Amino acid sequence: MKIKDEITGNMNELPGSGQVMKVYVCGPTVYDSPHLGHLRTYVAFDAMVKYLRHRGVEVFYVQNITDIDDKIINRALELKEDPMELSRQYTEKYMDAMKYAGINSISLYAKATTHIKDIINQIKRLEKKEYTYKLPDGVYFRVWMLKNYGRLRSQEASQQKQGTRATVSDLKEDPRDFALWKFRKDGEPSWRSPWGEGRPGWHVEDTAIALSIFGRKFHLHGAGRDLVFPHNEAELSIMTALKNDPEVCGSWIYTGILKINGEKMSKSLKNFISVEELMEKYSGEESRYAFLSSNYSSEMDFSWEMMEEARKNTSYIQTAYLRLAESKEKGAKIDITAFRKQLYDALEADFNTREAISVIMQLSREIIKNAPLENGSAMKAAKLLKDANTFLGIIPIREAGEIKDSTINSLIRLREDLRNKKMFKESDSVRNALKDSGIILEDGVNGTTWKRE
RNA sequence: GGAUAGGUGGCAGAGACGUUAUGCGUGGGACUGCAGAUCCCAUUUACUAGGGUUCAAAUCCCUACCUAUCCUCCA
């Protein structure tokens, strides 16, 4: 698969079948409930990793969880709670959100607080190379020593100074320098370090986790586009300083910002919709459909209309999938191979899920229009839809319920009989009874079909 | 102000020189005991504006306008 790298703008070829691939994605800071912006990003990476695995790549996917941070401490102070307890609660909420959307491809969740040793070791190594200096409030990274700072997003040093207030950070050698270790203030959680009690800065957390787990190099670094600067630029700086290797990470890729009414969905603008709210109204499949309906890297504007569209279309695809069961020997033939090729071509080129979904829609249309299909076509079509669903996760393929198919079919025949005798009250009660068990009957041109709710 | 990404039909959203994207919505029709589902037809030259390059431009180049993101809180 080819993917667009943010640093070079090139289409980088990712590892192929049989190869191992190491992926790191910036996780959330757990100080509040996850919202749809988070979900959009993590659905995209989940689908991508699953697709690569589907193609035979052995993906090792690590995501961090920032469970110690200024935001967490401030929030805890506000609520008069213990910061660590607060982050534990929101980590749980975050996991619920992931579960809801079927995001289960992460090989390892790494909490910052369980990697304090790795973080300290990394700062020590930076210190040895003279990339650090100490100020009254913490240990800082020395940006000017790095020749190629600003590869992700260059920020002029002169610009930075404008408007900064007289604080301790004004003591920094360069305004672009950032904290690696923050010294403890009263009542804050802290850990011992060679420089004094304190806690890690945000940027080293990720690099320490990534490099301690992956070793020398990894293939892909993902995040939401709002993290390009300063976070990812700082990460890149740290890793470049440590490894003397500008290619520590092969590709840097970004998901587009999720907007609502034309503006970024964010906590500070108070325009966010929580995953919890979405969960009440729409299924995980519907949400995935909606988020995968646009390219991972482009901005998207959230709306409830878009969710309604997702609901209709996932149901349409499901209907198509279920109608494959009525295949027969002399049914219609469909060239599934052509659809398969279109689908994979779209995904191989920068993981174009929008195009992939449109292929699925076209295939569904062909299936429904021509059902019942000839056995071979139906089998191939079912295989293709199932394959696509292993990474898209948009078709609600439920496990068979308690009612056996044979029972349903005999009830359908019974109802048919009643309808022919114009006993509609009785036939409707059969239909209602099935509905209570989650079976929906639909009278079509060629008789009655059913599907599970 | 600077950096970056964009501006495609009523809406969402692909495409990246020459061939119908796709879907939603809307209107009409078919089917029907009712529901729902499905099908058919229409929405008959949509590509921000103005220049240029080309046999050919939504696609390449220039200019302008507009929008969003980031510029040490952010997925």
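Here is how names work: the chains are called A, B, and so on, in the same order as the sequence lines, proteins then strands, and each is numbered from 1. On a predicted model such as this, the values are computed, not experimentally measured, just so you know.
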Less than 6.0 angstrom separating the ring centers of A/Phe141 and A/Tyr131, yes or no? yes
When rounded to whole Å, the CZ to P distance for the pair A/Arg311 and B/C24 reads 15 Å
Task: Interatomic distance at P, B/A37 relative to B/A75, whole Å - done: 40 Å
- Query: How far, in whole Å, is B/G15 from B/A46 if one measures between their C1' atoms?
  - Reply: 13 Å
Any A/Arg75 side-chain N or O less than 4.0 Å from OP1/OP2 of B/C73: no
Provide the distance between the two P atoms, one in B/U48 and one in B/G13, to the nearest whole Å. 15 Å
Atom CG of A/Asp443 and atom P of B/C34 are separated, to the nearest Å, by 11 Å
*For A/Lys422, which contact category applies under a 4.0 Å heavy-atom criterion: base, sugar-phosphate, or nothing?*
nothing
* Assign A/Gly27 to base, sugar-phosphate, or nothing according to its heavy-atom contacts below 4.0 angstrom with the strands shown. => sugar-phosphate
Regarding the side chain of A/Ile257, the nearest nucleotide among B/G15, B/U69, B/A35 is B/U69
Looking at A/Lys182 and A/Asp137, is any side-chain nitrogen of the basic one under 4.0 Å from a carboxylate oxygen of the acidic one? no
I'd like to know if A/Arg415 and A/Asp428 make a salt bridge, using a cut-off of under 4.0 Å between side-chain N and carboxylate O. no
- prompt: C1' atom, B/A49 versus B/A58: distance in rounded Å?
  reply: 14 Å
To the nearest angstrom, the CG-C1' distance between A/Asp46 and B/A75 comes to 14 Å
Value for CD1 (A/Ile394) from OG (A/Ser287), rounded to nearest 0.5 Å, stands at 12.5 Å
Dot-bracket assigned to RNA chain B with the 3.5 Å Watson-Crick/G-U criterion, [ ] for crossing and | for other-strand pairs, is (((((((..(((.....[...)))((((((.......))))))....(((((..]....))))))))))))....
*asked:* Suppose we call a contact any N or O donor and acceptor under 3.5 Å apart; does that hold for the side chain of A/Arg176 and the base of B/C71?
replied: no
When rounded to whole Å, the CZ to P distance for the pair A/Arg431 and B/G36 reads 10 Å
Practice problem: Establish, yes or no, whether the cationic atom of A/Lys281 lies under 6.0 Å from the six-membered ring centre of A/Trp304 and within 45° of the ring axis. | Solution: yes
Counting primed atoms, P, OP1 and OP2 as sugar-phosphate and everything else as base, the B/S/- map of nucleotides 3-8 of chain B against protein heavy atoms under 4.0 Å is S-----
When rounded to the nearest 0.5 Å, the distance separating CG of A/Leu373 from CD1 of A/Ile368 is 11.0 Å
Taken to the nearest whole Å, CG/A/Asn295 to C1'/B/A12 is 14 Å
Taking B/G23, B/U38, B/A75 as options, the one with an atom nearest any side-chain atom of A/Arg365 is B/G23
What does A/Met265 touch in the nucleic acid at a heavy-atom separation under 4.0 angstrom: a base, only the sugar-phosphate, or nothing?
base
* Asked: For B/G15, does either OP1 or OP2 sit under 4.0 Å from a side-chain N or O belonging to A/Asn352?
  -> yes
Side-chain contact check for A/Phe424: nearest option of B/U38, B/A21, B/G33 is B/G33
Closest of B/G33, B/A37, B/A75 to the A/Glu442 side chain is B/A37
Handout entry: P-based separation of B/C47 from B/C24 [nearest Å]
Key = 23 Å
When you compare B/A16 with B/C39, how far apart are their P atoms, in angstrom units rounded to a whole number?
29 Å
- Base, sugar-phosphate, or nothing for A/Arg40, non-hydrogen atoms under 4.0 angstrom? nothing
Q) On a whole-Å scale, what distance lies between the P atoms belonging to B/A57 and B/G51? A) 14 Å
Is the count of non-hydrogen atoms from other residues, nucleotides or ligands lying under 6.0 Å from A/Lys4 atom NZ greater than 12?
-> no
| said: For A/Phe351, does the six-membered ring have the charged nitrogen or CZ of A/Lys2 within the cation-pi criterion, i.e. under 6.0 angstrom from the centroid and within 45° of the normal? | reply: no
**Prompt:** When all nucleic acid strands are considered with a 4.0 Å heavy-atom cut-off, which category describes A/Leu441: base, sugar-phosphate, or nothing?
**Reply:** base
Query - Phosphate contact (B/C40 OP1 or OP2) by A/Lys369 side-chain N/O below 4.0 Å - result: yes
inquiry  = Would you call the rings of A/Phe229 and A/Tyr149 parallel, tilted or perpendicular, taking 30° and 60° as the class edges?
reply    = perpendicular
The reported gap from OG1 in A/Thr29 to CD1 in A/Ile65 (rounded to nearest 0.5 angstrom) is 10.5 Å
Inset, instruction - For A/Tyr42, report the nucleic acid contact type (base, sugar-phosphate, nothing); a contact means any heavy atom under 4.0 Å. - result: sugar-phosphate
| task | Report which part of the nucleic acid A/Ser294 touches: base, sugar-phosphate, or nothing (heavy-atom distance under 4.0 Å, all strands). | result | sugar-phosphate
query = Does B/C70 have OP1 or OP2 sitting under 4.0 Å from an N or O in the side chain of A/Lys264?
reply = yes
Result for 5'-nearest mapping on RNA chain B, choosing between A/Ser358 and A/Ser427, is A/Ser358
task = Determine: side-chain N/O of A/Tyr296 to OP1/OP2 of B/G13, distance under 4.0 Å, yes or no.
result = no
N/O (side chain, A/Lys425) to phosphate O (OP1/OP2, B/C34) under 4.0 Å = no
Q. Any N or O donor-acceptor pair linking the side chain of A/Lys71 to the base of B/C73 at under 3.5 Å?
A. yes
> Is the shortest side-chain N to carboxylate O distance from A/Glu6 to A/Arg225 below 4.0 Å?
Replying inline: yes
Q) Hey, does A/Asn313 reach any base, or is it just sugar-phosphate, or nothing, if we go heavy atoms under 4.0 Å? A) sugar-phosphate
Paired with A/Arg75, the salt bridge (Lys or Arg N to Asp or Glu O under 4.0 Å) test is passed by just one of A/Asp32, A/Asp82, A/Asp69, namely A/Asp32
Of the candidates B/C34, B/U38, B/A75, the side chain of A/Arg415 sits closest to B/C34
Taking B/U22, B/A75, B/G33 as options, the one with an atom nearest any side-chain atom of A/Gln362 is B/U22
Taken to the nearest whole Å, CG/A/Leu292 to P/B/G23 is 18 Å
| Is the distance from OP1 or OP2 of B/A14 to the nearest side-chain N or O of A/Ser298 less than 4.0 Å? | yes
Closest of B/C71, B/G15, B/C40 to the A/Phe229 side chain is B/C71
Exercise. Which part of the nucleic acid does A/Phe178 contact within heavy-atom distance under 4.0 Å: base, sugar-phosphate only, or nothing?
Worked result: nothing
- Whole-Å C1' distance, B/C55 and B/G29: 45 Å
CE (A/Met11) and CD (A/Glu13) are apart, to the nearest 0.5 Å, by 9.0 Å
request  = Give one of base, sugar-phosphate or nothing for A/Leu258, where a contact means two heavy atoms less than 4.0 Å apart.
outcome  = base
In whole angstroms, the gap separating P of B/A35 from CG of A/Leu418 amounts to 20 Å
Rounded to whole Å, the NE2-P distance (A/His231 to B/C70) equals 15 Å
Under the 3.5 Å rule, do the base of B/G33 and the side chain of A/Asp428 count as making a donor-acceptor pair? yes
ask   = Could A/Arg199 and A/Asp70 be called an ion pair, given the rule that one side-chain N must be under 4.0 Å from one carboxylate O?
value = yes
